[in-house]
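See below for the structure under consideration.
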There are 2 protein chains.
Amino acid sequence: MTNSKHTNGGVSLPLNQILSGDCIEVMDALPENSVDLIFADPPYNLQLKGELHRPDNSKVDAVDDHWDQFDSFKVYDDFSRDWLRAARRILKPNGAIWVIGSYHNIFRVGACLQDAGYWIMNDVIWRKSNPMPNFRGMRLTNAHETMIWATKDEKSKPTFNYEALKALNDGVQMRSDWVLPICNGHERLKDAEGNKAHPTQKPESLLHRVLVGSTNVGDVVLDPFFGTGTTGAVAKKLGRNFIGIEREEAYREVAARRIKDTRKFDNESLQVSTSKRAAPRVPFGQLVERGMLNPGEKLYALNGRHTAKVRADGTLIGNDCKGSIHQVGAALEGAPSCNGWTYWGFRKEGKTMPIDLLREQIRAEMGA
Amino acid sequence: MTNSKHTNGGVSLPLNQILSGDCIEVMDALPENSVDLIFADPPYNLQLKGELHRPDNSKVDAVDDHWDQFDSFKVYDDFSRDWLRAARRILKPNGAIWVIGSYHNIFRVGACLQDAGYWIMNDVIWRKSNPMPNFRGMRLTNAHETMIWATKDEKSKPTFNYEALKALNDGVQMRSDWVLPICNGHERLKDAEGNKAHPTQKPESLLHRVLVGSTNVGDVVLDPFFGTGTTGAVAKKLGRNFIGIEREEAYREVAARRIKDTRKFDNESLQVSTSKRAAPRVPFGQLVERGMLNPGEKLYALNGRHTAKVRADGTLIGNDCKGSIHQVGAALEGAPSCNGWTYWGFRKEGKTMPIDLLREQIRAEMGA
DNA sequence: CACAACGGTGAATCAGGAG
DNA sequence: TCTCCTGATTCACCGTTGT
């Protein structure tokens, strides 16, 4: 793991380190367009308790008899706007952010996020399998937290490892609700007296899914509210680089020790399933050039409804139409579009086989 | 059921009627402090762009109605502020509101709600058991919607039928995530041509739970975006009074007919049936996310004939094959299929134990 | 009559590259 | 920036038709 500076477009990043200080100031000192992903678990409580500062860095005296809800929302919104702005500047154009919160703050953070120009991809519900019950029976058990996954702007193309997430979910598309247990047991960090080291330590399973789904090996993941370093620990395990920012020295120390004791998984295990989109493009004409199909040969729609004839240039000629395998398939079906690779078949020894088999054969040779 | 005016503190209410017009104007004409509960399903401002087709080329019938179009976030926020203010005025001091939305609008609505002085009790996740998938594989399946339950102000003591909800949930405290199917089948209202009468009809089961949990028999429930009248129909069944407000005549007509055909449950049966829960599905990937198995760890076929290695996305890599626990097991055995849960084991303290034990462990936690 | 096969559909910010 | 083309992509459930 790189611990020194890392060159990124001519600028260097402090990789795999925990930076000390106010996250807004620290982020403002980092180069713009340099980070792949941000994971943020900002303070939830609106009663501030001296942990928040106004934009001018003056401290908010929240423990005050004249405490006022409206003022408090405004201060929290200002704070959210500021750190979201700083975060957005350092994100790469195709970068993304995850923010987690509860009903106390998530609506405000979400609105600030949209106002700042971020583009929401999904909101994701972490459904806790073992939440704390509501002891007084005055409300519903607060059994979930909300995460927002957003890109830097509307045009961003974020990393999304669709097939890997699908694999994590037994082969069906990952949904926007994730059932995972809260952090306790051995994973929960304690101090010498046995008190929990941090009040809101997130489970590694949650970060595992976030990082597998929206980063690749070697990416840079920044966490502006690092706490006890769950983001850093999971990033290290998964072969991602992290940058942590944390104001409290006690948390930094716990996080540093934790990450030092964390081991990276071996490279082979970090390979994940990929989608067909990543496979090299094979033009249909190549099947003809290579003699896998011959000009004049007949293709059969796999649904049995149509046939077409192969021409020397890799186009097809069907009933009153000609063009690519896709165009002819679409025309014959009267459909807006058609994937010719999965639509057409060829005859071999009396059986009809999809032409996609031939493409896979070529791809296998290319990969070899 | 009362259809005439209803005396409430010397003022009268138009009970069990569907009022025509803009909801803000209509609410402003109602007496203040007169309504027990408001359920609101405002436009989501979906901002859809082009057309969307399923993989089979059929077209998705999207929400493109004029009432869901807003020019900007600011226009939407102004709208939200206005109707939330009007709604708050007519609420009784201990009254409450439920608002439902998706990530497109819920953060803005939630922030407006807090700014207007409402006090959030819970946010509640409606987890759809049968959501529409993400057809292009570009995001997570949008499998939930968010509801906010809030009181008129911080000091309100809202109706909360804790025991009734607990009973609805097999005797354990109701959580903030509700698993319910979307509205389809016979419940879905259609016009003469078989088209859906309203693009976003909510399931009665959702309203049932809201009204059982936060109103009493005889209470007044107002819905400012009445649509096809799900709120009114469920209120009538449950012996609550409703007031509906709807701008579109077509929706009012459908709702009126629907409610006319709805019968109130007899008082005894206002208790409800509970749904049996099947054993929850646990994806193998969750064992990896949760650290019960680590990427790179070896699995052993319980018959002793093969081994394979775990990857970060919950797939296995065996001798010349990779895929799910089931696929790799089948490939190595040369079998058409294989139950990976009972085929594979992991080593612990020198002993090989079936991975199914880990799944059972997770299920035990979930059930608790 | 039972069961299988098939078709339809749901609040969706749903592609990416070459020219 | 815009147009055109290739070709990747779906889950649970309900209702109807067919065996």
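Chain letters run A, B, ... following the sequence lines, proteins first and then strands; every chain starts at 1.
For B:Asn105 and C:dA11, a side-chain-to-base donor-acceptor distance below 3.5 Å is absent, hydrogens and geometry of angles not being considered. Judged by distance alone, with hydrogens and angles left aside, B:Arg54 brings a side-chain donor or acceptor within reach of the base of C:dG10, the pair sitting under 3.5 Å. Contact annotation: side chain of B:Arg139 to base of C:dT13, donor-acceptor pair present below 3.5 Å.
Checking D:dG7, C:dC14, C:dA12 against every side-chain atom of A:Asn339, the shortest atom distance belongs to D:dG7. Among the nucleotides C:dT9, D:dT6, C:dA11, the one closest to the side chain of B:Val63 is C:dA11. The side chain of A:Trp341 has D:dG7 as its nearest neighbour among D:dG7, D:dT9, C:dT13. Counting only heavy atoms from C-beta on, B:Phe73 has its side chain closest to C:dT13 among D:dA8, C:dT13, D:dC11. Which of C:dA11, C:dT9, D:dT9 sits closest to the side chain of B:Asp41 comes down to C:dA11. The listed nucleotides are D:dT9, D:dC14, C:dG16; the one nearest the side chain of A:Glu163 is D:dT9. Closest contact between the side chain of A:Ile120 and the listed nucleotides C:dT13, D:dT10, C:dT9 involves C:dT13. Residue B:His186 places its side chain closer to D:dG15 than to any other of C:dA12, D:dG15, D:dT9. Nearest to the side-chain atoms of B:Lys128 among the listed nucleotides D:dC14, C:dC14, C:dA11 stands C:dA11. Distances from the side chain of B:Asp61 to the nucleotides C:dG10, C:dG16, D:dT10 place C:dG10 closest.
Among the heavy atoms of the strands lying under 4.0 Å from A:Ser337 is at least one base atom, whether or not backbone atoms are also near. Among the protein residues, B:Pro181 comes within range of no part of the nucleic acid, since none of its heavy atoms lies under 4.0 Å from any strand. In this structure, B:Glu145 reaches the bases: a heavy-atom distance under 4.0 Å links it to at least one base atom across the strands shown. As judged by a 4.0 angstrom heavy-atom cut-off over every strand, A:Gly340 is placed among residues making no nucleic acid contact. If you check every strand for non-hydrogen atoms under 4.0 Å, B:Met138 touches sugar and phosphate atoms only. Contacts of B:Cys183 with the nucleic acid, taken as non-hydrogen atoms under 4.0 Å apart, are absent. Among the protein residues, B:Pro203 comes within range of no part of the nucleic acid, since none of its heavy atoms lies under 4.0 Å from any strand. Looking at heavy-atom distances under 4.0 Å, A:Lys276 makes contact with sugar-phosphate atoms alone, never a base. Residue B:Thr141 is classed as having no contact, given no heavy-atom separation below 4.0 Å to the nucleic acid. B:Asn134 comes within 4.0 angstrom of a nucleotide base, judged by non-hydrogen atoms across all strands. Backbone-only engagement by A:Arg359 is indicated by non-hydrogen atom pairs under 4.0 Å involving sugar-phosphate atoms exclusively.
Between A:His326 and D:dT6, a side-chain N or O to OP1/OP2 separation shorter than 4.0 Å is absent. Residue A:Tyr162 places at least one side-chain N or O under 4.0 Å from the OP1 or OP2 atom of D:dT10. Here A:Arg277 does not reach the OP1 or OP2 of C:dC14: none of its side-chain N or O atoms lies under 4.0 Å away.
Look at the C1' atom in both D:dC13 and C:dT13: the space between them is 26 Å, to the nearest Å. Distance check on atom C1': C:dG8 versus D:dT10 gives 13 Å, rounded to whole Å. Separation of the C1' atoms belonging to C:dC1 and D:dG18 is 14 Å when rounded to the nearest angstrom. The separation of C:dG10 from D:dG7, taken at their C1' atoms, amounts to 25 Å, rounded to a whole angstrom.
The nearest whole Å value for the distance from the NZ atom in A:Lys166 to the P atom in D:dT9 is 8 Å. Note: CD (A:Gln173) to C1' (D:dA8) measures 13 Å, nearest angstrom. Taking atom NE2 of residue B:His53 and atom P of nucleotide D:dT10, one finds them 17 Å apart after rounding to whole Å. In this structure, CG of B:Leu46 is placed 14 Å from P of C:dG10, rounded to the nearest angstrom.
Between B:His198 and B:Tyr251, the angle of the ring planes lies from 30° to 60°, which puts this pair in the tilted group.
Geometrically, A:Arg359 engages A:Trp341 in a cation-pi contact defined by less than 6.0 Å to the ring centre and at most 45° from the axis. Both the sub-6.0 Å distance and the 45° axial angle are not jointly satisfied by B:Arg139 relative to the ring of A:Phe160. At least one cation-pi condition fails for A:Arg108 and B:Phe107: the charged atom is not both under 6.0 angstrom from the six-membered ring centre and inside a 45 degree cone around its axis. Relative to the ring axis of A:Trp178, A:Arg209 places its NZ or CZ within 45° and under 6.0 Å from the centre.
Of the charged side-chain nitrogens involved, none lies within less than 4.0 Å of a carboxylate oxygen, so that A:Arg127 and A:Asp177 do not count as a salt-bridged pair. Classification of A:Arg277 and A:Glu163 as a salt-bridged pair fails, no side-chain N sitting under 4.0 Å from a carboxylate O. With salt bridges taken as basic N to acidic carboxylate O contacts below 4.0 Å, none links A:Lys155 and A:Asp153.
Among B:Phe225, B:Phe39, B:Trp83, B:Trp149, the one residue that satisfies the side-chain contact (heavy atoms from CB on, under 4.5 Å) test with B:Val99 is B:Trp83.
A ring-centre distance under 6.0 Å is not found for B:His53 and B:Phe135.
Atom CZ of B:Arg247 sits in a sparse spot, with 12 or fewer heavy atoms from other residues, nucleotides or ligands closer than 6.0 Å.
The two residues A:Ile106 and A:Gly101 have their closest heavy-atom pair at CD1-N, 3.7 Å.
DNA chain D forms stems at C:2-10 with D:11-19, C:15-19 with D:2-6, each a run of 3 or more consecutive Watson-Crick or G-U wobble pairs whose two key distances fall under 3.5 Å.
Near-neighbour residues of DNA chain C inside residues 192-201 of chain B, defined by a heavy atom below 4.0 Å, number-ordered: B:Lys196, B:Pro199, B:Thr200.
Residue-to-nucleotide proximity on DNA chain D shows that, of B:Asn130 and A:Asp356, the 5′-proximal contact is made by A:Asp356. Residues B:Gly137 and A:Arg175 each lie close to DNA chain D; by heavy-atom proximity, the contact nearer the 5' end of the strand is made by B:Gly137.
Stacking here means ring centres nearer than 5.5 Å and ring planes tilted less than 30 degrees, and by that measure B:Tyr103 does not stack onto C:dT13.
Under the 4.5 Å side-chain criterion, counting only non-hydrogen atoms from C-beta, A:Gln173 is in contact with A:Tyr162.
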